[in-house]
Number of protein chains: 2
Amino acid sequence: MTALASDVRATLANKPYGSVAMAIRGNIDEPDIDIEAIRAHVPVRRCKHAAGQSIYHAGQPFHAIHLVHVGSYKTSELAADGREQVTGFRMRGDLIGIESIGLTTYASDVIALEDSETWELPYPAVLRACLHIPELQSHLTAAMAAEIRCDRSWMLMLGTLAAECRVAAFLLDVAARYARLGYSARHFILRMSRVDMASFLALKHETVSRALSRLHDLNYIDVQRREVHVLDADGLRSMAGISATLN
Amino acid sequence: MTALASDVRATLANKPYGSVAMAIRGNIDEPDIDIEAIRAHVPVRRCKHAAGQSIYHAGQPFHAIHLVHVGSYKTSELAADGREQVTGFRMRGDLIGIESIGLTTYASDVIALEDSETWELPYPAVLRACLHIPELQSHLTAAMAAEIRCDRSWMLMLGTLAAECRVAAFLLDVAARYARLGYSARHFILRMSRVDMASFLALKHETVSRALSRLHDLNYIDVQRREVHVLDADGLRSMAGISATLN
DNA sequence: GCGGCGCTGTTACAAACCGTTACAAAGCGT
DNA sequence: ACGCTTTGTAACGGTTTGTAACAGCGCCGC
């Protein structure tokens with residue numbers, strides 16, 4: 001399994017962009033973002049981030065949105081009293097920061113989960129580019145709408161599924177997102193810690209561990225720390241209450 | 001208390017619009033939507049809905065967004081296996097349907113909680129109007145961004161607070177939204193059933209009842225069925241982990 | 001007007017699930 | 001090899017849920 005793990009890691013680079021991320025609901029109606037057309041009008045800056053480094057924190061001046069190019073990030077909300085909630089994980093092709101449009105400061109935190117890279121798109125330039133590229137505005141709007149639908153899908157999942165089922169749904173979502181990027185949906189490496197998964201799923205990390213162990217016992221998955229083999233996607237689907245087909 | 005209830009109901013009409021709704025996070029940076037400017041370019045149709053009637057269901061063709069004028073609505077997500085999740089409650093000034101922009105069909109259900117009325121804004125006309133009213137596009141974008149932030153705030157609340165605290169946070173949010181519309185934040189009528197509240201808060205309706213009873217026992221609120229008096233907003237705030245000030 | 005009926009809401013008690021705590025093992029960097 | 005972080009496992013306890021019974025309110029027909 002360790003040998004396979006390095007294979008997977010090796011393939012995790014330089015794949016073409018998929019569409020803007022969609023979650024379990026799976027309404028993949030939006031076309032791809034035409035990054036080349038944008039580059040003609042927007043000064044794109046590459047931003048590298050080491051694992052644990054943040055793109056931005058809540059409260060910093062908002063000036064740009066980011067397109068994930070390599071690696072993965074987590075976005076999180078912070079309450080005044082210190083409570084933290086991971087609100088999502090972003091990977092290649094995902095837009096980051098669109099929730100802060102219209103504000104003067106960023107509304108959330110974004111932290112790299114591994115050595116990663118984004119393309120920084122200064123928002124004023126994006127706005128100007130919208131005048132030259134009629135489709136860019138609608139792409140941006142569609143991306144925001146998709147983000148809302150994605151959040152709503154997770155609210156549905158968090159509000160109606162038990163712990164084990166949430167973990168199953170999460171694995172299916174990760175698998176589907178890897179599949180969209182051209183990777184295997186049956187074998188992947190989780191980029192986030194158990195604690196981050198637990199926060200996102202509104203559970204404790206021990207519960208996530210137990211759920212993964214149980215999914216293993218049911219022969220739905222093979223899991224060694226962060227490496228996951230999906231053995232029975234239908235089993236996971238029946239548990240997650242999802243009928244969609246996994247690639 | 002019954003006499004007061006009718007007073008409250010009487011004042012719930014013909015107040016000026018507030019901004020697009022924001023949740024507990026309270027980043028109220030967006031300006032009001034200039035409905036009059038829109039009317040000059042968009043054929044606005046008034047849509048009345050009786051209690052229990054839907055504006056639209058998931059899957060119906062998307063053609064318009066709606067601005068709530070009178071009354072209140074609930075939006076909900078439906079899973080293939082029948083699970084339902086209330087994702088929010090909308091009142092005067094709130095935009096409905098923006099999460100479906102970019103799709104050909106609506107993505108969620110919207111049902112009136114009482115006799116209500118919306119202004120229907122056909123989306124193609126809104127798009128055309130954006131060309132004539134430069135600010136309309138940015139208003140729409142800001143509204144969508146606010147919607148994302150609102151959902152994220154609720155994810156934070158649902159993921160980090162216990163049952164009683166969620167109910168407290170919910171009451172504070174309702175109070176703040178009434179305050180934004182010019183009504184009392186200390187005395188209001190809940191428009192939704194315990195079941196709808198429970199679904200939104202990811203609880204069971206019995207748990208909501210018990211939580212409300214406990215908030216009553218703590219002398220934080222006075223509650224008789226759907227009528228709520230806030231007696232100790234600071235108590236609620238400390239429970240909800242919110243430092244913002246209630247009007 | 002009156003009573004029946006259903007929906008909504010409340011409360012008590014029992015049970016299940018998940019969180020808490022504690023500890024151990026494995027991975028990772030130094 | 002060492003220590004720290006991450007992850008896994010187990011026992012226990014608490015919060016939330018499930019079940020049930022009952023009360024209040026509105027709707028309807030009589």
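Here is the naming used below: chain letters follow the sequence lines, and residue numbers restart at 1 for every chain.
Using a 4.5 Å cut-off on side-chain heavy atoms (C-beta onward), B:Val110 and B:His49 make no contact.
If you check the side chains of A:Ser54 and A:His57, you find a donor sitting under 3.5 Å from an acceptor. For A:Arg92 and A:His69, the side-chain atoms include at least one donor-acceptor pair closer than 3.5 Å. Side-chain atoms of A:His66 and A:Tyr73 include no donor-acceptor pair closer than 3.5 Å. A:Thr160 and B:Arg83 share a donor-acceptor pair across their side chains, judged by distance under 3.5 Å alone.
Within the structure, the salt bridge (charged side-chain N to carboxylate O under 4.0 Å, His left out) test picks out the following pairs touching residues 158-169 of chain A (sequence neighbours left out): A:Glu164-A:Arg214.
Following rounding to the nearest Å, A:Gln224 (CD) and C:dG27 (P) show an atom-to-atom distance of 9 Å. Atom NE2 in B:His216 sits roughly 12 Å away from atom C1' in C:dT10 (whole-Å rounding). Residue B:Asp222 contributes atom CG, which lies 15 Å from atom C1' of C:dT10 at whole-angstrom precision. Straight-line distance from the CG atom of A:Leu158 to the P atom of C:dC17: 19 Å, rounded to whole Å. Put simply, CD on B:Glu164 is 9 Å from P on D:dT15, counting in whole angstrom units. A:Ile189 has its CD1 atom 13 Å from the P atom of D:dT7, to the nearest Å.
Between A:Asp115 and A:Lys48 no salt bridge is recorded (no basic side-chain N to carboxylate O distance below 4.0 Å).
For the helix from C:dG1-D:dC30 to C:dT30-D:dA1, the end axes, each set by the C1' atoms of five terminal pairs, are bent relative to each other by 50° (nearest 10°).
In this structure, CG on B:Asp109 lies 8.0 Å from CD on B:Gln60, to the nearest 0.5 angstrom.
A search for salt bridge (Lys or Arg N to Asp or Glu O under 4.0 Å) contacts involving B:Glu84 returns nothing, not counting sequence neighbours. Shown here are the salt bridge (Lys or Arg N to Asp or Glu O under 4.0 Å) partners of A:Arg45, two or more places apart in sequence or in another chain: A:Glu120.
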Atom pairs, protein N/O to nucleotides 4-6 of chain D N/O, distance under 3.5 Å:
none

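For the segment residues 202-215 of chain B, the set of residues with a heavy atom within less than 4.0 Å of an atom of DNA chain C comprises B:His205, B:Glu206, B:Ser209, B:Arg210, B:Ser213, in numerical order.
Proximity of the aromatic rings of B:Phe200 and B:Phe89 is defined here by a centroid distance below 6.0 angstrom, and this criterion is met.
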